[in-house]
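To start, the structure itself, in structure tokens.
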Amino acid sequence: MNDRPAGAAGIGRAGVGDRPGRTGTDITASTAVRYALVPAPRLSLDAVARRSGLHPDLIRRFVALGLVDAERDGAGRLVFDPTAPAVLARIQRLRSGLCLNYASIGLVLDLLDRISLLEAALRGRGPRSETPPWT
């Protein structure tokens, strides 16, 4: 699997079957790269630790387990979205309230995200019908 946009591997080279003057679908729309005009605000590991009340080593463990999304900046330090403290609070509530291990918490978080997407899709469809529900 290649993460590069199509055409990035061979810029200036014609691919197999490409002929000059050939008409076909326009691939520039599907491979367009979008850049943010304003950089998204990011939080450092220390800021997330202060806001969430957790030790930075525990947050690093959550990142390694895939429970919290993080990126690396140019210096190699972890940076987080502004929503990371809320995600960490959710993890802590699941851990203390349901006595789940971290692998189970990852599964529960995925299921909760899927449920919220399905509920949003249902809300976007509007009223289902004029007939009363079967329940």
Side-chain angles (χ1 to χ4, degrees):
M1 199 168 187
N2 192 356
D3 292 335
R4 290 182 285 178
I11 296 175
R13 290 187 305 171
V16 176
D18 288 345
R19 291 181 215 108
R22 180 179 170 191
T23 59
T25 59
D26 183 17
I27 63 167
T28 57
S30 64
T31 60
V33 178
R34 297 180 187 205
Y35 295 99
L37 296 176
V38 178
R42 298 286 185 195
L43 297 175
S44 68
L45 178 63
D46 292 331
V48 171
R50 275 193 313 273
R51 290 182 184 188
S52 64
L54 299 175
H55 196 274
D57 289 338
L58 183 59
I59 297 172
R60 283 189 196 98
R61 182 178 297 164
F62 288 160
V63 171
L65 292 171
L67 298 176
V68 180
D69 293 330
E71 296 175 0
R72 300 248 178 215
D73 63 1
R77 295 181 299 252
L78 289 173
V79 290
F80 298 87
D81 286 336
T83 59
V87 172
L88 290 168
R90 190 178 200 188
I91 291 169
Q92 289 302 106
R93 283 193 308 272
L94 288 171
R95 174 93 171 143
S96 64
L98 299 177
C99 299
L100 298 174
N101 62 13
Y102 292 128
S104 300
I105 289 174
L107 178 64
V108 170
L109 289 175
D110 286 343
L111 291 173
L112 289 174
D113 289 341
R114 287 183 186 186
I115 289 170
S116 65
L117 287 173
L118 290 171
E119 287 176 343
L122 281 175
R123 280 193 300 272
R125 292 177 65 190
R128 286 186 263 172
S129 67
E130 298 298 322
T131 60
W134 62 274
T135 57

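- Under a hydrophobic clustering in which Ile, Leu, Val, Met, Phe, Trp and Tyr are joined whenever their side-chain heavy atoms come within less than 4.5 Å, directly or via other members, L43 and V63 fall into the same cluster.
- Heavy-atom contacts from other residues, nucleotides or ligands closer than 6.0 Å to CG of D69 number 12 or fewer.
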side-chain contact (heavy atoms from CB on, under 4.5 Å) between R90 and L112, intermediate numbers included: CA-CA 11 Å; R90 190 178 200 188; L112 289 174; 3.4 Å; yes
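- With a 4.5 Å cut-off on side-chain heavy atoms, L98 and S104 do not count as touching.
- Residues in residues 43-82 take part in these ring-ring contact (aromatic ring centres under 6.0 Å, His included) pairs, two or more places apart or across chains: F62-Y102.
- The main-chain N or O of A75 is found under 3.5 Å from a side-chain atom of D73 such that the two form a donor-acceptor pair.
- Residues L94 and L109 are in side-chain contact: their nearest non-hydrogen atoms beyond the backbone lie under 4.5 Å apart.
- Remark: I105 CD1 to R93 CZ distance equals 11.5 Å, nearest 0.5 Å.
- For the side-chain contact (heavy atoms from CB on, under 4.5 Å) test with I59, the passing option among L67, L78, L88, D46 is L88; the others fail.
- With 3.5 Å as the limit, one finds no donor-acceptor pair spanning the side chains of D113 and S116.
- A pairwise comparison of heavy atoms in A49 and P56 identifies CB-CG, 3.9 Å as the closest pair.
- For R60, the side chain to side chain donor-acceptor pair (under 3.5 Å) test picks out D57, with sequence neighbours left out.
- Judged as a side chain to side chain donor-acceptor pair (under 3.5 Å), and not counting sequence neighbours, R51 has no contacts.
- Rounded to the nearest 0.5 angstrom, L100 CG and R95 CZ are separated by 8.5 Å.
- L54 and V48 fall within the same hydrophobic cluster, where Ile, Leu, Val, Met, Phe, Trp and Tyr residues are linked whenever their side-chain heavy atoms come under 4.5 Å apart, directly or through other members.
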